[in-house]
There are 2 protein chains.
Amino acid sequence: MVTIKQIAQEVGISSSTVSIVLGGKAAERKISTATQEKIFAAAARLGYQPNMAARSLRGGSGANELVVAMFWAQDFRASMMFRFWDGLRAEIEKTARPVRLVIYPYVNDHLKESEALTSGANCHAAIICNASYADLQFLEDTQLPIPVVLYNRVCNGYCSVNVDDLKMGALAARAFADQGCRTAAVLTSSPVFEGMENRMHGFRLEGEQHGLTILANRYCENSIRGGYEAVSHRLRHEWKQQLPDAVFCGSSAIAHGALRAFCEAGYIDEKLPRLIAVGNGPEESDAFSIPSLSVVYLPMEDMARECIQLVLGQLDGRIATAESRLLPIEYVPRESCGPLTEYAAQ
Amino acid sequence: MVTIKQIAQEVGISSSTVSIVLGGKAAERKISTATQEKIFAAAARLGYQPNMAARSLRGGSGANELVVAMFWAQDFRASMMFRFWDGLRAEIEKTARPVRLVIYPYVNDHLKESEALTSGANCHAAIICNASYADLQFLEDTQLPIPVVLYNRVCNGYCSVNVDDLKMGALAARAFADQGCRTAAVLTSSPVFEGMENRMHGFRLEGEQHGLTILANRYCENSIRGGYEAVSHRLRHEWKQQLPDAVFCGSSAIAHGALRAFCEAGYIDEKLPRLIAVGNGPEESDAFSIPSLSVVYLPMEDMARECIQLVLGQLDGRIATAESRLLPIEYVPRESCGPLTEYAAQ
DNA sequence: ATGAAAGCGCTAACAT
DNA sequence: ATGTTAGCGCTTTCAT
């Protein structure tokens, strides 16, 4: 790393002059044009880049600023980042304290390689989202230098914010049963964390309890296209003779693709199977699709709020032990599946 | 701001011991439990937070890291942030150099208050998105200490990345004309930058040239709900007797709301007016809606790539003067409006 | 078991 | 027109 000192040596001049020139104050300090040119030339030649840490330290700016890292897996879930990020931002805005939120995209199973997390030299605390099984294992085995909050994951010794995943699935099953469905299919990506398995498990358990026959599952990609292709394919094969009465989708995106595929094949209005998704996309997209999408709503913004509070609580020392928060979820009936009736209460 | 030194004074001990204890190295350095407790107590009492700048500087971590700020207006456009952010991220990933991308949400007309931009102590360069007229005025009047690239805006003395906004509107008008439309409406939010005005202006000019009658405009909110409400309202009033043949929407979101409103009112298939939107949302949403949405595609990811290149070029000194890049746009016909035929070639 | 001192890279006050 | 020096807050090495 090239420093101002090295440029000074190179040019044969003091480092303060270099600082003045590179800081754009050459005119007011009346540095000779010759010197300026030599300095700029050397800086360019050596590829000088100012060290931001030194600048901030010296300038005192951001000294009492809290830096919070948000780790988000950089894969198909990337597009779901916004709702969560915006939730964090909104909550931070309400805080008196100045907080800088920094996104750290990471690759699943490689969380351990993130220096920001392990060195403690970049941020005061971290919120980790989308951790894989391996990432959780790493966390459990490691004593990190900064407080951490897990989003949508459970891990020994860590604060976390979750929803009742079993119940998410159960709510969908109950709604289907209430609407008189007898057979149901599941459309989901291969599970990358326990919560997903639990959602599907809860769906199965509760469904069977209400006489719902649940068809064998086959995984699809977690995207609109993934849902579309999965349904298109099934319509030509397993579902050629007989459609299921209901379809439970692992994400809003999958559900929107499914809607489109059903529509293309002529299954609209009464002929469309009942559809419920885990509502993890933007609410408006679900509320204004054709038909609008019934969801078990994932309260991401509320979860983000809790994450911030857990982070601040730990930094303040108000929260000393691993504390887990479980947020309530609810079924939001729209056109793609009617409301809970008989099984509404619990 | 509380420092380690103050804690040391408070406890009556040297600052190095404090550092050791707060750094979690008390055990290996055999600091007495009494001292540890006193230190922790004082730290908590005074509300100590480590200064990250000092830590990074001392630790040497991230010394040659490039910090790039992305300024994004924190309003209705927030949800469009993701595509651009992801484009930047993707391009950064291809770069050999380590770059840290930091999002700075800001409020329109208040860009001038951002210290990160004016102090130069936080980032090496900035990409400014969604600047308002006042923000542009501020930029034009100010000599900033770091290189800046403007996204989708033009400003004297600044590098920028744009598309031909007049042509965006013109393409839509041509497509409508090609599809035999005679009357067209515009559905857009009130313009917050010149580009939006140009899009609408281009649409009008080209439309009139092809015999398209363009109905009087009334603004709506830039969201799905905004589009939905605008169309619902017009269907009860201006459009009660007679629908326009075509509707040009200022954003994908508006168009999806419009689709839903038309559908609810029974205007489907042939009865639905031709629809084209400025394609600024996630591509999948447009490609799989019912019907799928024809767009004049805004190449955000390509624009993000150019922004990064302009940033790096300026930092390297390869780009010394204000350089503007104009990216090509294209009309993507889908179900909501057919392809360009007669007017396809220019 | 604790303290003194040096130094990370930078800027600004104060010489000269 | 340029140089000397001090110090931002922190960690680490080396003494004691």
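All figures in this text were calculated on a predicted structure; none of them were measured in a lab. Chain A is the first sequence line, chain B the second, and so forth, proteins listed ahead of strands; every chain is numbered from 1.
Within 4.0 Å (heavy atoms only), B:T3 reaches sugar-phosphate atoms of the nucleic acid but no base atom. Within 4.0 Å of A:I13, counting heavy atoms only, lie sugar-phosphate atoms of the nucleic acid but no base atom. If you check every strand for non-hydrogen atoms under 4.0 Å, B:S19 touches a base.
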Considering only distance and modelled atom types, tabulate donor-acceptor pairs under 3.5 Å from the side chains of residues 146-154 of chain B, sequence neighbours left out.
unit_1: B:R153; atom_1: NE; unit_2: B:A131; atom_2: O; d: 2.7
unit_1: B:R153; atom_1: NH2; unit_2: B:A131; atom_2: O; d: 3.3

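For B:K30 and B:A54, each mapped to the nucleotide of DNA chain C holding its nearest heavy atom, the one lying further toward the 5' end belongs to B:K30. Take the nearest nucleotide of DNA chain C for B:S16 and for A:Y48: the residue whose nucleotide is more 5' is B:S16.
Scanning residues 31-43 of chain B for heavy-atom distances under 4.0 Å to DNA chain C yields B:I31, B:S32, B:T35.
Taking atom CG of B:N122 as the reference point, atom P of C:dC10 lies 15 Å away to the nearest angstrom. Between A:I7 atom CD1 and C:dG9 atom P there is a gap of 12 Å when expressed in whole angstrom units. Nucleotide C:dA4 holds its P atom 12 Å from the CD atom of B:Q9, rounded to whole Å. Computed from coordinates, the A:I20 CD1 to C:dA13 P distance equals 11 Å when rounded to whole Å. Protein atom CZ of B:R58 is 16 Å distant from nucleotide atom P of C:dC10, rounded to whole Å.
A:S19 and A:S16 are not linked by any side-chain donor-acceptor pair at a separation below 3.5 angstrom, with hydrogens and angles left out of the test. At a cut-off of 3.5 Å, with distance as the only test, no side-chain donor of B:E65 or A:Q49 sits close to an acceptor on the other residue. With hydrogens and angles left out, the side-chain atoms of B:S56 and B:S61 include no donor and acceptor closer than 3.5 Å. Side-chain contact of B:N108 with B:D135: a donor-acceptor pair under 3.5 Å is present, judged by distance alone.
At C:dT2, none of the side-chain N or O atoms of B:T17 fall inside 4.0 Å of OP1 or OP2 (strictly under the cut-off). OP1 or OP2 of C:dA12 sits under 4.0 Å from a side-chain N or O of A:K25.
Using a distance-only test at 3.5 Å, with no hydrogens or angles considered, a donor-acceptor pair links the side chain of B:S119 to the main chain of B:E115.
For the helix from C:dA1-D:dT16 to C:dT16-D:dA1, the axis fitted to the five pairs at one end and the axis fitted to the five pairs at the other end meet at an angle of 40° (nearest 10 degrees).
Contacts of A:E140 classified as side-chain contact (heavy atoms from CB on, under 4.5 Å), with partners at least two apart in sequence or in another chain: A:C155, A:N156.
Think of the region where chain A sits on DNA chain D: with heavy atoms and a 4.0 Å cut, that region ends 5' and 3' at D:dA1 to D:dG9.
A salt bridge between B:R83 and B:D86 is absent, with no side-chain N of the basic residue lying under 4.0 Å from a carboxylate O of the acidic one. Using a 4.0 Å cut-off between charged nitrogen and carboxylate oxygen, A:D316 and A:R97 count as a salt-bridge pair. Between A:K112 and A:D141, no side-chain nitrogen of the basic residue sits less than 4.0 Å from a carboxylate oxygen of the acidic one, so the salt-bridge criterion is not met. Between B:E28 and B:K25 there is no salt bridge, since no side-chain nitrogen of the basic residue lies less than 4.0 Å from a carboxylate oxygen of the acidic one. Using a 4.0 Å cut-off between charged nitrogen and carboxylate oxygen, B:E93 and B:R89 count as a salt-bridge pair.
Note on ring orientation: taking the six-membered ring where Trp is involved, the planes of A:F84 and A:W72 are tilted (angle from 30° to 60°).
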What's the verdict on side-chain contact (heavy atoms from CB on, under 4.5 Å) for B:T35 and B:V21, showing C-alpha distance, side-chain angles and the deciding distance? CA-CA 9 Å; B:T35 312; B:V21 171; 5.5 Å; no
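Considering only side-chain atoms of B:L57, the nucleotide from C:dG3, C:dA12, C:dC8 that sits closest is C:dC8.
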With 3.5 Å as the limit, what N/O pairs link the protein to nucleotides 14-16 of chain C?
unit_1: C:dC14; atom_1: N4; unit_2: A:R29; atom_2: NH2; d: 3.3

